[in-house]
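Following: one structure in structure tokens, then a few remarks.
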Amino acid sequence: MKHHHLYAYALLAAMTAGCATASKTPKQPVTDAAKLEEVSEKYAETITADDLSKHLHIIASDSMEGRDTGSKGQKMAAEYISNHFKQEGLAGPVKTGTNPYYQTFDLEKTQWGGGYILVGNKKFLMMQDFFVLGGSPYQQEQAADVVFAGYGIDDPKFNDYAGKDVTGKMVVVLAGEPKDANGNYIISSTDKASDWGNDYRSKRKAATDHGAKSVLIITGTNPGEFNSLTQRYKAYATRPSIGMKSTGAQANAATMFISPVAGAALLGTTTDQLFDYPTMVAKAGKPTPDKFAVARDVKVKTERLAEPLSTENVLGFIEGTDKKDEVVVVTAHYDHVGMDPSLEGDKIFNGANDDGSGTVSVLEIAQAFAKAKKDGYGPRRSMLFMTVTGEEKGLLGSEYYSENPIFPLENTVADVNIDMVGRMDYDHEKTNDSNYIYLIGDDKLSSELHEIDQRMNEKYTHLKLDYTYNDENDPNRFYYRSDHYNFAKHGIPIVFFFNGVHEDYHKPSDEVEKINFQSAQTVARLAFHTAWELANRDNRIVVDSNKK
């Protein structure tokens, strides 16, 4: 009997414990912000270094072949991510296509075909005598009207376009910018060159503003110098490029770097006479009439071959409760730069830090929110977890989503973006300090988002919040260089979590073994707490500023 009493007591205790456990799971979803705040740390703690490592050893493995946009490896990574979302109970919110977790779209893969400039019976070859930067309207052979426009400058201090009609024409200009008789640059009046000499885009814009069809920049003073100065463009131009599908319209004048020999031929002169022009300008201190008899029989062709390239953003969705029409987005890009067969040794750019680290952070944050929902503590606002494609090709996946949103942008509360975490950058390596995170953009559109980040960190993660790269004058301009920007430009508040650049950036040596998973765990938990607060607070955060 004694044993029976003990058994009955044990059974009663077990039932009581079971009831106590069950009572912790609310019968109805919790919508009280304070109560949701109370349980947040429990779910943040499900984000672990071990799980981040487990995911990243797959995402950044050699089998993924560097996850180049549109490649087999990128699609393998997409499948892994979508399977994770599905297994954790997230919904696929995409109504079109065959996979509700995929927002599939076509990019365009292009590369140069045949190209030349004919000056009478002289033929100058693309990739040898000239290189095209960006697009070109000369898909088929066309005649071109040539105009010489000095240095191609349109500035209050020096205007090469005064009195010239270049509409629809091929403008030939000199590289660099003019100096005066004392050797100072005319624009700056110092020995320092301005953007006119340092950035070809200034000359492209001037040519575009004046209606030119193309601007050809004579580069170097002899063939050897031209080859040396254009070496990196040659390497770039011989590789295929990936971008949004062309609409046929071209926003800017086509830009080409051409050799002095080709430039002189277009201007009907010799290279020696061509480079007498800077001396004339220095002597006059202003634009000087030239004595060139530009070639009249000029034809040009720069063929661009194009083919569609299918790729996909991967989306996982958790529907909110009482504020489900509002959406908080958590993003990272899962693409990288693929492989380089020309390298000796390791040819695979695994991209463990860039941005495998952000990708696996999104997977873990999604899992934490999914567990909370199963326990009755689901988010009040809906959560969209999105790993985007094509970031390395120009933020293309996030751009596509922002132009073709699954959920209305006016209902999108904020974007929490994670790119390159779990490594120390150059500065922090010197002191071996991994307890930091760069925060970028959280004050640009919403003072409340800025306050939330600081409060969540002070309460839970205790990282050093570094705003160095949030400075509008910072030359790195990281605010414009990751996927959050395609939300910010539509007026949606964003925060970008970033640990900075290191020696393995965009190299095959960006490997999993170099990730500090404890550091990545802390950053992911801060991103989680920020997203949790955004999702569960009573009022949607305000948009009360528009900083650059």
Side-chain angles (χ1 to χ4, degrees), residues 130-138 144 146-180 183-221 225-226 228-234 236-237 241 243 249-260 262-263 266-267 274-275 277-278 280-282 284-288 290 302 394 472-481 485 548:
F130 68 96
F131 300 95
V132 184
L133 281 72
S136 172
Y138 306 114
V146 177
V147 177
F148 178 63
Y151 287 90
I153 293 172
D154 183 357
D155 186 271
K157 289 188 175 182
F158 196 97
N159 187 357
D160 283 307
Y161 285 94
K164 291 186 173 72
D165 179 10
V166 301
T167 305
K169 296 179 181 180
M170 174 185 281
V171 178
V172 178
V173 304
L174 296 171
E177 59 183 290
K179 293 183 177 181
D180 60 23
N184 288 321
Y185 289 103
I186 292 174
I187 304 295
S188 66
S189 300
T190 70
D191 61 353
K192 304 294 184 186
S194 71
D195 282 348
W196 289 106
N198 291 327
D199 189 344
Y200 77 89
R201 290 172 296 186
S202 299
K203 298 187 179 188
R204 180 182 68 186
K205 183 179 186 304
T208 302
D209 290 347
H210 285 276
K213 192 168 188 175
S214 57
V215 57
L216 280 58
I217 303 172
I218 300 171
T219 304
T221 58
E225 228 175 61
F226 173 74
S228 174
L229 291 170
T230 58
Q231 197 61 41
R232 67 190 180 102
Y233 295 104
K234 183 176 183 179
Y236 174 78
S241 65
Q250 186 157 323
N252 296 303
T255 307
M256 305 181 201
F257 288 171
I258 63 168
S259 72
L266 286 166
L267 298 179
L274 175 64
F275 292 112
Y277 185 77
M280 294 164 54
V281 171
K286 60 183 181 181
T288 304
D290 64 87
T302 53
E472 63 181 276
N473 296 315
D474 180 73
N476 295 285
R477 294 174 65 80
F478 287 124
Y479 177 62
Y480 304 93
R481 289 174 53 183
Y485 184 65
K548 299 299 181 185

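Note that these values count all heavy atoms, side chains included, but never hydrogens, waters or copies made by symmetry.
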To the nearest 0.5 angstrom, please state how far the OG1 atom of Thr190 sits from the CD1 atom of Ile187.
11.0 Å
Between Asp195 (side chain) and Asn198 (backbone), is there a donor-acceptor pair under 3.5 Å?
no
Run the side-chain contact (heavy atoms from CB on, under 4.5 Å) test against Ala253 and tell me which residues pass, sequence neighbours left out.
Ala207, Thr208
Do side-chain atoms of Lys164 reach the backbone of Asp160 as a donor and acceptor pair under 3.5 angstrom?
yes
Is there a side-chain contact between Leu216 and Met170, using heavy atoms and a 4.5 Å cut-off?
yes
dist Thr230:OG1 -> Met256:CE (nearest 0.5 Å) comes out at 14.5 Å
Within-4.5 Å side-chain heavy-atom neighbours: Phe130 and Ser259
no
Between the CG atom in Leu267 and the CG atom in Leu274, the distance rounded to the nearest 0.5 Å is 6.0 Å
Can we call the ring centroids of Tyr485 and Tyr480 under 6.0 Å apart?
yes
For Ser202 and Trp196 the tightest heavy-atom approach is O-CZ3, 3.3 Å
Taking all non-hydrogen atoms of both residues into account, name the closest pair between Val147 and Asp165 and its distance.
CG2-O, 4.3 Å
Taking side chain as C-beta onward, heavy atoms only, is Tyr138 less than 4.5 Å from Lys213?
yes
After noting the C-alpha distance and the side-chain angles of Tyr185 and Lys192, does the key distance pass the side-chain contact (heavy atoms from CB on, under 4.5 Å) rule?
CA-CA 7 Å; Tyr185 289 103; Lys192 304 294 184 186; 5.6 Å; no
Output for pair (Tyr200 OH, Thr255 OG1), nearest 0.5 Å, gives 6.0 Å
Quick test of your reading: applying salt bridge (Lys or Arg N to Asp or Glu O under 4.0 Å), list the pairs with at least one residue in residues 196-205, sequence neighbours left out, ordered by first then second residue.
Asp199-Arg201, Lys205-Asp209
Does the side chain of Glu225 reach to within under 4.5 Å of the side chain of Pro260, using non-hydrogen atoms?
no
About how many Å separate CD1 of Ile218 and CD1 of Ile258, when rounded to the nearest 0.5 Å?
5.0 Å
pair Val171-Tyr161: side-chain heavy atoms closer than 4.5 Å
yes
What distance separates Thr221 OG1 from Leu229 CG, expressed to the nearest 0.5 Å?
8.5 Å
Non-hydrogen atoms of Phe275 and Gly220 that approach each other most closely
CZ-O, 3.4 Å
Within the distance-only criterion (no hydrogens, no angle test), does the side chain of Thr288 pair as donor or acceptor with the backbone N or O of Lys286 below 3.5 angstrom?
yes
Taking every heavy atom of Glu177 against every heavy atom of Gly197, the minimum-distance pair comes out as OE2-N, 3.1 Å
When every non-hydrogen atom of Asp154 is compared with those of Ala206, the smallest separation belongs to CB-CB, 4.2 Å
How about Phe226 and Phe257: are their ring centres within less than 6.0 Å of each other?
no
Can you see which heavy atom on Ser189 is nearest to which on Lys157, and at what distance?
OG-NZ, 3.6 Å
Residues passing the salt bridge (Lys or Arg N to Asp or Glu O under 4.0 Å) test with Asp155, sequence neighbours excluded, are none
Is Val172 close to Ile217 at the side-chain level, that is, under 4.5 Å between some pair of heavy atoms?
no
Check whether any side-chain heavy atom of Val281 lies under 4.5 Å from a side-chain heavy atom of Pro287, and answer yes or no.
no
For the residue pair Tyr151 and Val173, establish whether any side-chain heavy-atom pair is separated by less than 4.5 Å.
no
